[in-house]
Amino acid sequence: MLRMSSLFLRTLRDDPADATVPSHKLLVRAGYVRPIAAGIFSWLPLGVIALRNVERIIREEMDRAGFQEVHFPALLPREPYERTHRWDEYGPTLFRLQDRKGSDYLLGPTHEEMFTLMVKGEYSSYKDLPLSIYQIQTKYRDEARPRSGIVRGREFIMKDSYSFDLDDEGLEKSYQKHREAYISTFNRLNLKFNIVSAMSGAMGGSKSEEFLAPCETGEDTYVLCEKCGYAANVEAMKTKVANRDFGTPPAMEILDTPNTPTIDSLVEVMNSKYGSSITAADTLKNVLLVADGEAISVLVPGDREVDLKRLEANLPGIQELRLFDDEDFAKRKELVKGYVGPQDAKKFGLKLYADPRVVVGSHWITGANHLNKHMRYVTHGRDFAVDGFIEAAEVRAGDLCPSCDNPVIIDRAIEIGHIFQLGRKYAEALELTVLDSEGKSRVVTMGSYGIGVSRAVAAIAEQSNDELGLVWPEEIAPAKVHIVATGKDDLPFDTALKLAEEIETKGISVMLDDRRDASPGVKFKDAELIGNPYIVIVGKGLVDGKVELRKRRTGEKSELAVNEIVSQIVKLLS
RNA sequence: CCGGGUGUGGCGCAGCUUGGUAGCGCGCGUCGUUCGGGACGACGAGGCCGAAGGUUCAACUCCUUUCACCCGGACCA
């Protein structure tokens with residue numbers, strides 16, 4: 001039983017000045033956490049209980065799926081991370097330190113190396129596979145800028161699993177098992193979430209999905225189709241191209257378009273000088289970039305910008321990507337800033353990528369590769385050819401859903417889980433092989449699956465609060481029932497204690513506000529701020545043998561006889 | 001890392017423009033009253049004003065440097 005008369009807890013009347021998101025404000029105000037440094041927090045008793053509840057649910061679901069728990073140190077030697085090149089690749093995000101002898105160590109930002117090496121040390125036969133193991137461990141990442149309190153800290157708790165399989169089918173099965181375990185985990189955590197397809201990107205895997213908990217203050221943007229449920233990370237969104245008949249355009253025609261270095265100015269001149277009625281979407285924008293030293297041009301409709309993140313995610317293997325700067329234009333005089341067109345790309349030795357909307361047969365108004373001149377009827381397939389299509393244009397709300405044509409919305413969310421098929425990158429680097437049934441050595445294929453444990457606490461707080469405070473789901477709350485005793489006589493306090501004890505014998509956790517020196521108002525405010533799902537008030541109604549029951553989430557109140565309350569609570573919680 | 005902002009008792013803030021050695025609310029302690037919506041009164045404890053250097057008879061206040069924290073961005077999952 002948590003007795004507030006002795007509980008190590010101090011609630012705050014005001015929001016902490018440095019908090020901006022609800023979870024941060026409320027977890028601090030209600031006394032669950034306290035800040036220690038940027039992105040580093042201490043957990044107080046109430047916070048520890050909520051955190052352990054989240055952990056417990058995750059652990060139960062992992063165990064139920066047949067995964068086994070292990071535990072690695074957070075403090076790790078350099079060498080394995082050297083072998084996978086991550087000592088360097090992780091860059092400044094890695095917390096590094098040295099021991100007294102000057103040997104390098106790191107605080108684990110994630111533990112692929114350790115898992116791989118552990119399996120390598122124990123297993124050597126295909127008969128041992130498949131295997132899925134997990135841990136719940138504190139992770140360290142020296143984020144350039146921690147923010148949003150618990151949501152994005154430099155020290156955080158993560159559940160990470162890894163699957164080990166002989167072949168791709170095995171990996172797919174392990175992946176699906178994790179996917180299902182994650183769905184039941186997040187359902188039990190009472191989180192609203194969407195599973196969105198993501199880019200596996202630099203990690204080198206194939207399939208990848210994120211579990212996103214929608215909330216206004218989330219840091220991730222994703223695309224959602226409310227009609228069919230399609231959801232994708234902005235990077236992974238596929239463009240749906242509307243069918244359009246372009247007919248047979250006339251031959252390319254060069255036009256005088258003085259002072260039209262921007263799309264807007266071009267549209268203006270076309271419409272006023274040439275009497276056309278075009279919009280930016282009828283023009284073709286040639287965005288020049290340098291990808292690992294090579295000049296490339298990305299063609300997008302004039303009303304769209306290039307989203308560098310999307311472009312980069314869809315250009316695998318490119319290390320450095322940047323827009324052309326004035327120096328680049330100076331070096332390549334044939335590329336006239338503001339008047340670039342794709343029809344001379346071959347001649348210029350320029351690699352061309354096109355947005356999927358630039359279909360073969362479409363024709364465009366675009367730069368003539370001469371100052372103050374543009375061309376029209378420049379036709380894809382006739383006047384220029386591309387090296388490939390690429391998803392690089394910005395995604396907008398209202399774009400068509402690739403699976404059902406409905407306009408999509410753009411939403412914000414917190415990433416609470418990520419599952420992906422890692423493949424053989426770590427197994428290869430660390431030589432994790434097993435012998436197959438023919439006695440041949442085979443590199444194991446891996447999957448990697450993470451849940452932000454501390455972040456999940458914040459995400460629940462983020463999705464579930466009101467102007468009064470936190471509103472915890474039953475399984476997460478520090479206690480299921482919060483009993484408040486009011487008044488100055490002993491009777492309500494004695495009765496409240498008796499009820500608390502009785503409820504506890506039913507296996508239901510209780511918090512009892514037995515403070516003699518706090519006024520009723522303070523107790524009510526604290527109960528609401530702390531956010532336990534059921535609040536029982538033992539006070540003035542006692543003269544009629546009544547107590548009050550309130551549901552925190554709905555605010556619904558009811559009067560019950562003292563001798564009914566325990567059975568009523570048991571009923572509500574069963 | 002780039003740009004902006006803020007550092008004053010445990011928390012939230014004022015004071016700084018115009019230098020004279022620190023104040024308010026909450027919280028905390030004691031006593032009394034109150035007891036179903038963050039009660040009231042009286043008395044009280046608690047602050048090298050983020051740090052270092054400089055200017056000055058005198059610095060919370062002005063100047064320089066530095067550190068920390070927050071916000072936007074870049075980065076990152």
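Please read all numbers here as calculations on a predicted model, not as lab measurements. In what follows, chains are A, B, ... by sequence order, proteins preceding strands, each numbered from 1.
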>> Parallel, tilted or perpendicular, judged at 30° and 60°: which one describes the rings of A:F186 and A:F211?
In response: tilted
>> Under a 3.5 Å threshold, yes or no: a donor from one side chain and an acceptor from the other, between A:Q176 and A:E180?
In response: no
>> Looking at B:A22, which nucleotide sits across from it as a Watson-Crick or G-U wobble partner, both distances under 3.5 angstrom, or is there none?
In response: none
>> Would you measure the distance from the C1' atom in B:C71 across to the matching atom in B:A45 and give it in whole Å?
In response: 37 Å
> Is there a Watson-Crick or G-U wobble partner for B:C49 with both distances under 3.5 Å, and which nucleotide is it?
Replying inline: none
>> Of the options B:A77, B:G38, B:C11, whose atoms approach the side-chain atoms of A:L12 most closely?
In response: B:C11
> Ignoring hydrogens and angles, are the base of B:G12 and the side chain of A:D15 linked by a donor-acceptor pair under 3.5 Å?
Replying inline: no
> Is there a side-chain polar atom (N or O) of A:K488 under 4.0 Å from OP1 or OP2 of B:C35?
Replying inline: yes
>> Heavy atoms only, 4.0 Å cut-off, all strands: where does A:D489 land among base, sugar-phosphate and nothing?
In response: nothing
> Looking at side-chain heavy atoms only, is the closest gap between A:K177 and A:Y449 below 4.5 Å?
Replying inline: no
> Where the side chain of A:R13 is defined as all heavy atoms beyond and including C-beta, which of B:C26, B:G36, B:A77 is the nearest nucleotide?
Replying inline: B:C26
>> Under a 3.5 Å cut-off for both contacts, is B:G9 paired Watson-Crick or G-U wobble with anything, and if yes, with which nucleotide?
In response: none
> To the nearest angstrom, how far is A:I451 atom CD1 from B:A77 atom P?
Replying inline: 19 Å
> Quick one: which of B:C28, B:A77, B:G36 gets closest to the side chain of A:R10?
Replying inline: B:C28
> Does A:E502 come within less than 4.0 Å of A:K498, counting only side-chain N to carboxylate O?
Replying inline: no
> Base, sugar-phosphate alone, or nothing: which one does A:R515 contact when heavy atoms must sit under 4.0 Å apart?
Replying inline: nothing
>> Could you check whether A:Y90 and A:R96, counting side-chain N and O atoms only, form a donor-acceptor pair closer than 3.5 Å?
In response: no
> Who is the Watson-Crick or G-U wobble partner of B:G3, with both distances under 3.5 Å?
Replying inline: B:C71
>> Rounding to an integer number of angstrom, what distance separates B:G7 and B:C11 when you compare their P atoms?
In response: 14 Å
>> Regarding A:G541, tell me which of base, sugar-phosphate or nothing describes its non-hydrogen contacts under 4.0 Å with the strands shown.
In response: base
> Heavy atoms under 4.0 Å, any strand shown: does A:E528 hit a base, just sugar-phosphate, or nothing?
Replying inline: base
> Near A:E216 CD, under 6.0 Å, is it more than 12 heavy atoms from other residues, nucleotides or ligands?
Replying inline: no
> Which letter, B, S or -, goes with each nucleotide of nucleotides 69-75 of chain B from 5' to 3', with contact meaning a protein heavy atom under 4.0 Å?
Replying inline: SSBBBBB
> Considering only B:G36, B:A77, B:G38, which nucleotide approaches the side chain of A:E415 most closely?
Replying inline: B:A77
> Under 4.5 Å between any side-chain heavy atoms of A:V287 and A:Y353, yes or no?
Replying inline: no
> Atom CG of A:D220 and atom P of B:A77: how far apart are they, to the nearest Å?
Replying inline: 12 Å
> How long is the line joining CG of A:D517 and C1' of B:U30, in whole Å?
Replying inline: 14 Å
> If you measure from the C1' atom in B:G47 to the same atom in B:G4, how many Å do you get, rounded?
Replying inline: 29 Å
> Roughly how far apart, to the nearest Å, are B:U33 and B:G23 at atom C1'?
Replying inline: 29 Å
>> My understanding is that a pair needs two contacts under 3.5 Å, Watson-Crick or G-U wobble. By that rule, which nucleotide pairs with B:A42?
In response: B:U30
>> Looking at B:A59, which nucleotide sits across from it as a Watson-Crick or G-U wobble partner, both distances under 3.5 angstrom, or is there none?
In response: none
> In a check of side chain to side chain donor-acceptor pair (under 3.5 Å) between A:Q135 and each of A:E69, A:K159, A:H111, which one passes?
Replying inline: A:H111
> Applying a 3.5 Å limit to both distances, which nucleotide forms a Watson-Crick or G-U wobble pair with B:A14?
Replying inline: none
